[in-house]
There are 2 protein chains.
Amino acid sequence: MSHCNTIIDTLRQRGYRITPQREIVVDILAHAGRHITAEEIFDQMQKRIRVTNLSTVYRTLDVLWEEGFACRNDLSEGKTVYATHQHGPHIHLVCRRCDAVLDANSQVLDAMGEEIRSRYGFDADLQHLSIFGICADCSA
Amino acid sequence: MSHCNTIIDTLRQRGYRITPQREIVVDILAHAGRHITAEEIFDQMQKRIRVTNLSTVYRTLDVLWEEGFACRNDLSEGKTVYATHQHGPHIHLVCRRCDAVLDANSQVLDAMGEEIRSRYGFDADLQHLSIFGICADCSA
DNA sequence: GGTGCAATTGCAACTATTTGCATTAAGGAT
DNA sequence: ATCCTTAATGCAAATAGTTGCAATTGCACC
Ligand SMILES: [Mn+2]
Ligand SMILES: [Mn+2]
Ligand SMILES: [Zn+2]
Ligand SMILES: [Zn+2]
């Protein structure tokens, strides 16, 4: 069973109604293989369905994020980017001076995730985190 | 010397021009003692200076953030919040289901910060990080 | 204390994202 | 297959934040 279908079926089990719009957003996002903006999803979506709307895309992405099927990141590019969890795991180190984005191994977060869970009962999303700071070039 | 003056003097040393608008934003932010939105800063600012503008506040906050004097956080409240580093250190665990915000000790990040620095030469801002996930109540 | 020039400002227009509301349609029950 | 409830949609308007540009002003140099 494809990743898309797993997401769709789980959403249905959780009480969400499955509309053609939602299926298309999930399909585009799951097959993008990279970070993608809401507007890019909307553009691709319009090739497949006549009448649809950017706010539907945003609302669907909200659901996917809230339900843990998508990650949402600010990479200092002016627009929020989305991906499924098939993209990853890794973290993005975003320089707040030059906006460079360095991909890093997310294993450095594993111990921290475990500690947050045991101390606070909080299940942190750490598979695709953005962390701001100053890159090596800008420090020098 | 007050915290405000340290910030202002350092900005001047780094080549930024010190305008009354910037001094007021720094003063409001440093004395807020909490997270504060750009609009709240603007409202307080208008009581002190006749003509000024919200985009000046945003631009000043950008400078303060880029130069490492302010932190900027998305706490799922609809608006970005700012604070000086006197507020903190701690992290915010933000539940993506119920929007609850749990304050947590930032020491859980110390080892990670060190590893990121040694592995990638990246100086991560970890004094006042927001981490999304699912809170204990929503997990149950 | 003037002068020059680039950085900063106010303003207006713009982009990104969210929201209220009337209409449509998913899917459980019959 | 049809009916019913209410979640989801499209659309338009609102909100949050950014940007281009002409006018202003900080401050380095004299
Ligand atoms: Mn990524
Ligand atoms: Mn805080
Ligand atoms: Zn950099
Ligand atoms: Zn929660």
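Residue numbers begin at 1 in each chain, while the letters A, B, ... track the order of the sequences.
Every residue two or more places apart in sequence or in another chain that forms a ring pair (Phe, Tyr, Trp, His ring centres under 6.0 Å) with B:Phe132 is listed here: A:Trp65. Judged as a salt bridge (charged side-chain N to carboxylate O under 4.0 Å, His left out), and not counting sequence neighbours, B:Glu66 has no contacts. Scored by the ring pair (Phe, Tyr, Trp, His ring centres under 6.0 Å) test, B:His85 finds no partners at all (sequence neighbours excluded). With sequence neighbours excluded, no residue satisfies salt bridge (charged side-chain N to carboxylate O under 4.0 Å, His left out) with B:Arg22.
Between its two ends, the helix from C:dG1-D:dC30 to C:dT30-D:dA1 turns its axis by 40°, counting five pairs per end and rounding to 10 degrees.
OP1 or OP2 of D:dA8 has not a single side-chain nitrogen or oxygen of A:Arg59 nearer than 4.0 Å.
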Please list each protein N or O that sits under 3.5 Å from an N or O in nucleotides 27-29 of chain D, with the distance.
residue: D:dC27; atom: OP1; partner: B:Ile18; partner atom: N; Å: 2.8

Return the polar atom pairs (N/O with N/O) between nucleotides 12-16 of chain D and the protein under 3.5 Å, or none.
residue: D:dA16; atom: OP1; partner: B:Lys79; partner atom: NZ; Å: 3.3

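The shortest side-chain heavy-atom distance between A:Cys4 and A:His31 falls under the 4.5 Å cut-off. Using a 4.5 Å heavy-atom cutoff, the side chains of B:Leu61 and B:Leu29 are in contact. Counting heavy atoms from C-beta outward, A:Glu67 and B:Arg97 have side chains that approach closer than 4.5 Å. Residues B:Asp9 and B:Ile18 are not in side-chain contact: their nearest non-hydrogen atoms beyond the backbone lie 4.5 Å or more apart.
Of the two residues near DNA chain D, A:Met45 and B:Tyr82, the one whose nearest nucleotide lies more 5' is A:Met45.
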With a 3.5 Å cut-off and sequence neighbours excluded, list the donor-acceptor pairs that the side chains of residues 42-52 of chain A form with protein atoms.
residue: A:Arg48; atom: NH1; partner: A:Asp27; partner atom: OD2; Å: 3.4
residue: A:Arg48; atom: NH2; partner: A:Asp27; partner atom: OD2; Å: 2.6

Contacts table for residues 76-84 of chain A: side-chain donor-acceptor under 3.5 angstrom, sequence neighbours left out:
residue: A:Lys79; atom: NZ; partner: A:Glu39; partner atom: OE1; Å: 2.7
residue: A:Thr84; atom: OG1; partner: A:Gln86; partner atom: N; Å: 3.4

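Sorted by first and then second residue, the side chain to side chain donor-acceptor pair (under 3.5 Å) pairs with a member in residues 126-140 of chain B read B:His35-B:His128, B:Asn73-B:His128, B:Asn73-B:Ser130, B:His87-B:His128, B:His90-B:His128, B:His92-B:His128; sequence neighbours excluded.
For the pair A:Asp74 and A:Val94, the tightest heavy-atom approach, listed with the atom from each and the gap, is O-CG2, 4.4 Å.
In the hydrophobic clustering, A:Val108 connects to A:Ile91, A:Leu93, A:Leu102, A:Leu109, A:Met112, A:Ile116, A:Tyr120, A:Phe122, A:Leu126, A:Leu129, A:Ile131, B:Ile91, B:Leu93, B:Leu102, B:Val108, B:Leu109, B:Met112, B:Ile116, B:Tyr120, B:Phe122, B:Leu126, B:Leu129, B:Ile131, either directly or through intervening members, whenever side-chain heavy atoms lie under 4.5 Å apart.
Note that the first and last nucleotides of DNA chain C, 5' to 3', having any atom under 4.0 angstrom from a heavy atom of chain A are C:dA16 to C:dG27.
Atom C1' of nucleotide D:dT18 and atom CG of A:Asp99 are separated by 14 Å, given to the nearest angstrom.
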